[in-house]
Protein chains: 2
Amino acid sequence: MGNNIKELLEELKNLSELMLDLAYSAVFFENKEIAKEVLLLYERLEDIEEDLYMHLFAVGKKMSPRLISVIELVETSKDVALAAKNIAEMVIDGKSLHPVIKQALSEADESIVMVKVRKSSILSNRTLGDVKLRSNTGIDVIAIRRDKRWIFDPQKNTRIKPGDVLICIGTVESCQKAKKIASGKLKEI
Amino acid sequence: MGNNIKELLEELKNLSELMLDLAYSAVFFENKEIAKEVLLLYERLEDIEEDLYMHLFAVGKKMSPRLISVIELVETSKDVALAAKNIAEMVIDGKSLHPVIKQALSEADESIVMVKVRKSSILSNRTLGDVKLRSNTGIDVIAIRRDKRWIFDPQKNTRIKPGDVLICIGTVESCQKAKKIASGKLKEI
């Protein structure tokens, strides 16, 4: 079975977990923009799922028990993604949230933020390693959206481009810093 | 609405995420012991859910839109937990796993391990801060099971007791080290 299936399966898992993090974050900040991102990710996940099944059944038309295990893993990611989608839709629909929810979610010592990198940002056209973002600011870039494509778990040699949307986690303070750095307001890190 | 509901909601979310991590880990290592832990956690989750609903409906018998948002969040945790339970059951049933699954899951740079602290371990009756586990070994203790109770996100002043089961994440090497330290084989960290 091809390398493709491995990669697609991996991306499904990553996508679903990112969706869940973002969905909770959308609830916490009552942020419709983040919630909409979750729905976009869901569309992407459905594409990958279709792609994966096409690969699976191109390999062999016979259903084997081992193939079932792959399908079960796909379904797991799908279930997690659906759960994320549900709460994202709650935010988009503007449903009134009980204050206890915000309290329950606030206990996390990590915050999550989506920032768009402007041309004037010191991050533009530099690698994550160049700017030493993590060691200098405590900000962890867990994913990058570039147009319709996603880069998961970016590495030190990943070059950030203007227009990239970075999904960052860190403390509340470092997330605020991330916003300023990406927007170009803060020129030093 | 009481503090209890906040705490129960928080624990539900933590539990469901831990279950998912453990379930993937159970698949990766084809480890039935970890998979069984996932099922135990599911029972705990159901208890918390029941407790939470009892608190919710003790407050007011009238269903409000804000109350619905709490229920939706509970359902989210439940969906994630169910997804985890499904793959854990796949492991327990000894279903043959397609090798591509292991490949897809191996990309994570983090490994997860459950270790039981023996009396002779240097961890016994010391706090996480005392032993500086994280800075000395790179091992991150994300949860502790003590009898039937769970401690999530343990802090520096959390004291480890003999018999505690630690859920550790770290590199494959540091996870192996964690096993030796907890068993008492390794007396230095």
Side-chain angles (χ1 to χ4, degrees), chain A residues 1-14 16-17 20-21 23-24 27 55-56 59 64-91 95-109 152-153 155, chain B residues 1-14 16-17 20-21 23-24 27 55-56 59 64-91 95-109 152-153 155:
Chain A
M1 203 175 289
N3 207 34
N4 272 327
I5 292 178
K6 175 194 147 272
E7 274 162 24
L8 290 168
L9 207 52
E10 209 186 310
E11 193 170 350
L12 269 188
K13 177 175 176 285
N14 287 338
S16 63
E17 289 177 350
L20 192 62
D21 281 346
Y24 282 128
V27 171
H55 275 85
L56 271 185
V59 176
S64 74
R66 296 206 307 182
L67 221 49
I68 291 174
S69 69
V70 177
I71 295 171
E72 294 224 28
L73 213 69
V74 172
E75 291 304 313
T76 303
S77 295
K78 196 86 187 283
D79 288 344
V80 172
L82 265 175
K85 185 171 170 263
N86 284 343
I87 48 173
E89 278 168 350
M90 183 169 84
V91 176
K95 284 196 186 148
S96 54
L97 303 178
H98 201 287
V100 80
I101 292 180
K102 215 159 168 162
Q103 289 164 22
L105 296 179
S106 72
E107 290 297 307
D109 33 60
F152 293 107
D153 203 15
Q155 303 296 316
Chain B
M1 204 177 288
N3 205 37
N4 271 327
I5 292 178
K6 175 194 145 270
E7 275 163 23
L8 291 169
L9 207 52
E10 210 187 308
E11 192 170 353
L12 269 188
K13 177 176 177 284
N14 288 338
S16 63
E17 290 177 351
L20 192 62
D21 282 345
Y24 282 128
V27 171
H55 275 85
L56 272 184
V59 176
S64 74
R66 298 206 306 184
L67 220 49
I68 291 174
S69 69
V70 177
I71 294 171
E72 294 224 28
L73 212 71
V74 172
E75 290 305 312
T76 303
S77 295
K78 194 85 187 281
D79 288 344
V80 172
L82 264 175
K85 184 171 170 261
N86 284 343
I87 48 172
E89 278 167 350
M90 184 169 84
V91 175
K95 284 195 185 147
S96 53
L97 303 178
H98 200 287
V100 80
I101 292 181
K102 213 157 170 163
Q103 287 164 25
L105 296 179
S106 72
E107 289 298 307
D109 32 61
F152 295 107
D153 201 17
Q155 304 296 315

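Remember, it's a predicted structure, so these values are computed and weren't measured experimentally. Note on naming: letters A, B, ... go to the chains in the order of the sequence lines (proteins, then strands), and numbering restarts at 1 for each one.
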Q) Testing B/Leu67, B/Leu9, B/Leu56 for side-chain contact (heavy atoms from CB on, under 4.5 Å) with A/Val100, which one passes? A) B/Leu9
Q. Between B/Val80, B/Leu97, B/Leu12, which residue shows the highest count of heavy-atom pairs closer than 4.5 Å to chain A?
A. B/Leu97
**Q.** Contacting region of B/Glu17 [heavy-atom separation from chain A under 4.5 Å]
**A.** side chain
Q) In Å, rounded to the nearest 0.5 Å, how long is the span from CD of B/Gln103 to CD of A/Glu7? A) 10.5 Å
Q | Rounded distance [0.5 Å steps], CG in B/Leu73 versus CG in A/Asn86 | A | 11.0 Å
Q. Do you know which of B/Asn14, B/Thr76, B/Leu82 has the most heavy-atom pairs under 4.5 Å to chain A?
A. B/Thr76
Q.
Can you tell me which portion of B/Leu20 sits under 4.5 Å from chain A's heavy atoms? Options are side chain, backbone, both or neither.
A. side chain
Q.
With rounding to the nearest 0.5 angstrom, report the CD1 to NZ distance, A/Ile68 to B/Lys95.
A. 7.0 Å
Q) Looking at A/Glu11, A/Met90, A/Glu75, which has the largest count of heavy-atom pairs under 4.5 Å with chain B? A) A/Met90
Q | A/Arg66 CZ to B/Ile101 CD1 distance, which is reported to the nearest 0.5 Å | A | 9.5 Å
